[in-house]
There are 2 protein chains.
Amino acid sequence: MTRPPRRARAVDVAAHAGVSVATVSFVVNGKAEGRVSPATRLRVLDAIAALGYVTDASARALATGRRRQVALLAHDMTNPFTAQVAAGAAAGIAEATEGTGHLLLLLGSDETGPDVEPVGAATVDGVLINYPGTLPAGRPDLPVVHLDDPAAGGHQVSMDVEVGARELARHLAGLGHRRVLYLGTPRPWSTFAQRRDAFAAELAAVAPGAVVLDDRCDIDLAAGVQLAGEHAQRWLADGVTAVVAATDLQAIGVLAGLAAAGVQVPGRLSVAAFDDIPFAAVSAPPLTTVALPARELGRRGAVLLAGVIAGDRTEPGDPVVLPARLVVRDSTGPAC
Amino acid sequence: MTRPPRRARAVDVAAHAGVSVATVSFVVNGKAEGRVSPATRLRVLDAIAALGYVTDASARALATGRRRQVALLAHDMTNPFTAQVAAGAAAGIAEATEGTGHLLLLLGSDETGPDVEPVGAATVDGVLINYPGTLPAGRPDLPVVHLDDPAAGGHQVSMDVEVGARELARHLAGLGHRRVLYLGTPRPWSTFAQRRDAFAAELAAVAPGAVVLDDRCDIDLAAGVQLAGEHAQRWLADGVTAVVAATDLQAIGVLAGLAAAGVQVPGRLSVAAFDDIPFAAVSAPPLTTVALPARELGRRGAVLLAGVIAGDRTEPGDPVVLPARLVVRDSTGPAC
DNA sequence: CTGTTAGCGCATTCAG
DNA sequence: CTGAATGCGCTAACAG
């Protein structure tokens with residue numbers, strides 16, 4: 001009963017079971033059917049249990065060419081939307097690979113973008129791009145799924161952002177808003193362009209003569225707070241009755257800034273946004289927002305990616321589009 | 001100029017540069033100094049650039065025994081505190097390994113705990129445990145760093161939770177609170193026990209006769225909202241003047257629930273908590289809370305882990321303890 | 001200073 | 001139904 005000095009290898013298992021490594025490999029990989037007798041299989045299984053054998057991932061990867069890992073490229077895990085995408089992706093890859101696949105997190109700052117070196121180094125079988133840096137050249141055939149990037153080619157899963165944006169426009173128009181400030185982001189990502197454009201187009205359509213003013217700030221709480229603090233009076237002076245932010249994070253910041261400035265919401269100003277992160281339901285007042293299924297986005301993306309990796313589908317096919325819908329809460333009311 | 005049919009390998013680079021693979025390996029791994037002439041080195045570098053060569057991570061891992069990856073075990077990436085720990089860990093490992101190390105995310109649900117199979121499969125060189133499942137046996141020597149788990153043995157980085165808790169107790173006592181509800185969590189993690197116990201102890205010390213009532217709910221917004229909605233009147237009837245939650249998430253939920261129930265904060269009830277997630281600054285009212293440096297926790301943990309992996313320190317040594325301090329905002333006021 | 005070579009641990013083809 | 005042999009791409013002794 002001397003314990004093996006280090007991790008057991010397939011040879012050890014083979015010896016313990018009195019078989020060859022090939023046999024061990026077959027049973028480990030579920031390819032025993034028709035190749036290994038049930039009795040032998042059990043002996044091997046016993047040996048595996050006895051020795052605590054676990055297949056070495058690197059060696060298997062080298063031999064098979066499959067890494068059993070995918071990467072998620074994102075900028076800011078601290079953004080609740082991104083965090084939910086990540087959680088969904090982790091769940092999706094586990095689900096699609098029956099627990100044998102894992103998530104490598106590749107985060108980047110704004111300037112650098114995610115570090116994609118491990119992608120080039122073939123650490124992963126595929127990539128989920130929430131928001132891109134540029135992928136390393138030299139891996140043109142690498143399976144990639146774009147998340148929430150309607151302008152991307154190839155495999156992608158996105159959301160009915162336009163439908164939601166239009167719904168929001170009609171909601172505000174119906175409340176009499178004719179002059180709204182749209183708070184965009186400095187990022188040139190297609191999803192944000194789509195949010196603004198669909199909103200503005202629908203507003204123009206249902207409320208002819210309505211005007212959309214533009215401003216922008218970073219996607220974080222503090223930026224929203226600061227912006228509202230500085231500009232609230234000007235907005236009111238300009239006759240703005242509603243502000244629509246590209247993300248809940250900005251809107252929640254704005255709400256706080258407005259509260260600090262003594263501006264009533266929705267009395268003086270209505271506020272709405274996109275995402276429906278959990279905090280949107282508990283802000284003061286609770287935020288009217290276009291609910292975007294972040295977690296499902298990640299999950300479906302992972303499942304799709306797993307399919308592409310497995311070779312189920314090579315053609316990009318129809319982009320998966322998840323539903324988005326407006327959630328009306330208390331931050332929007334009649335224009336004053 | 002025919003492009004190689006697939007990823008270039010070291011042999012290809014060697015051929016292209018007219019050297020041997022060993023030479024290629026040396027320059028790739030920065031061990032050229034004193035072994036490879038500068039001229040040869042440049043030829044190799046050119047060949048690498050020309051062929052777009054990137055070292056295969058699996059092969060290198062197999063040969064060196066180092067995976068250049070560490071895992072972060074956590075339960076809920078959706079919790080802003082955890083997300084910040086993850087972001088910090090990603091930054092820390094990049095920093096400590098000069099960009100060559102990466103973060104494998106191992107998430108689990110409440111029932112299952114994180115899936116630690118890849119740890120057993122030696123996918124990683126070490127593990128950052130934010131909150132444990134049980135690690136696979138059979139890897140007794142695996143470098144591990146515990147985060148925010150004061151009861152854990154071995155390497156760990158934690159925070160001055162007790163100091164913060166005491167500060168909070170004195171703050172509330174000073175405001176005249178003598179009957180406070182402590183809102184704990186169902187999780188038996190040591191950090192939560194520490195928060196409560198230190199708070200209760202200090203309160204008893206500075207305000208003899210003060211009483212701490214206990215309740216608990218899950219660590220999420222909705223649980224806090226619901227609990228407050230259901231129990232607010234009872235709390236008031238019991239003479240409770242302050243509620244202290246183990247986490248901001250719970251407290252922010254409570255704040256929303258209280259607002260919905262028409263209970264003034266801090267007029268009727270003061271509310272405080274631990275963590276200081278970014279949302280704590282924008283809740284209504286802004287939340288008094290013990291600021292815990294989540295990002296730094298992750299970062300320092302990663303740096304420490306990298307050190308342990310590199311063999312810098314094998315002895316657990318002094319646990320790293322990060323400072324925590326009370327941030328007083330508007331959710332606490334004089335007991336009524 | 002540079003090249004040869006033997007593993008690293010596993011998957012898999014091909015004999016038996 | 002089972003075992004021996006080959007190669008995955010790289011690193012690091014060791015020779016030269």
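Chain identifiers are assigned alphabetically (A, B, ...) following the order of the sequence lines, protein sequences preceding nucleic acid strands; residue numbering begins at 1 within each chain.
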Compare the minimum distances between each of [options] and the side chain of [X], then state the nucleotide with the smallest one.
X: A:Ala63; options: D:dA12, D:dC10, C:dC10; value: C:dC10
X: B:Arg60; options: D:dG3, D:dT11, D:dG9; value: D:dT11
X: B:Ser37; options: C:dT2, C:dC10, D:dT11; value: C:dT2
X: A:Ser25; options: C:dG9, C:dT2, C:dT12; value: C:dT12
X: B:Thr64; options: D:dA12, D:dC8, D:dC10; value: D:dA12
X: B:Arg9; options: D:dG9, C:dG3, C:dT2; value: D:dG9
X: A:Val19; options: D:dT11, D:dA13, D:dG3; value: D:dG3

Sugar-phosphate only, base, or nothing, as touched by B:Ser58 at under 4.0 Å among non-hydrogen atoms: nothing
Sugar-phosphate only, base, or nothing, as touched by A:Ala10 at under 4.0 Å among non-hydrogen atoms: sugar-phosphate
Whether over 12 other heavy atoms sit under 6.0 Å from B:Arg60 CZ: yes
Spacing of NZ belonging to A:Lys31 relative to CZ belonging to A:Phe26, to within rounding of 0.5 Å: 8.0 Å
Could you tell me how far apart [X] ([atom1]) and [N] ([atom2]) are, to the nearest whole angstrom?
X: A:Asn29; N: C:dT13; atom1: CG; atom2: P; value: 12 Å
X: A:Ile48; N: C:dC10; atom1: CD1; atom2: C1'; value: 13 Å
X: A:Arg67; N: D:dC10; atom1: CZ; atom2: C1'; value: 12 Å
X: A:Leu62; N: D:dT6; atom1: CG; atom2: C1'; value: 13 Å
X: A:Tyr53; N: C:dC10; atom1: OH; atom2: C1'; value: 7 Å
X: A:Phe26; N: C:dG9; atom1: CZ; atom2: C1'; value: 16 Å
X: B:Arg66; N: D:dA12; atom1: CZ; atom2: P; value: 10 Å
X: B:Asp56; N: D:dC8; atom1: CG; atom2: P; value: 12 Å

Pair B:Arg43 + B:Asp46, salt bridge at N-O below 4.0 Å: no
Residue mapping more 5' on DNA chain D - nearest nucleotide basis, A:Arg41 or A:Val21: A:Arg41
Comparing B:Gly18 and B:Ala59 on DNA chain C - which has the more 5′ nearest nucleotide: B:Gly18
Check against side-chain hydrogen bond (donor to acceptor under 3.5 Å, both in side chains), A:Asp148 and A:Thr191: CA-CA 6 Å; A:Asp148 188 23; A:Thr191 185; 2.9 Å; yes
Mutual orientation of the aromatic rings belonging to A:Trp189 and A:His75 [parallel < 30°, tilted 30-60°, perpendicular > 60°]: tilted
Phosphate OP1/OP2 of C:dA11: any A:Lys31 side-chain N/O under 4.0 Å: no
Under-4.0 Å side-chain N/O to phosphate OP1/OP2 contact, B:Thr40 with C:dT2: yes
Residue pair A:Leu106, B:His102: steps toward the side-chain contact (heavy atoms from CB on, under 4.5 Å) verdict: CA-CA 7 Å; A:Leu106 265 25; B:His102 304 284; 4.2 Å; yes
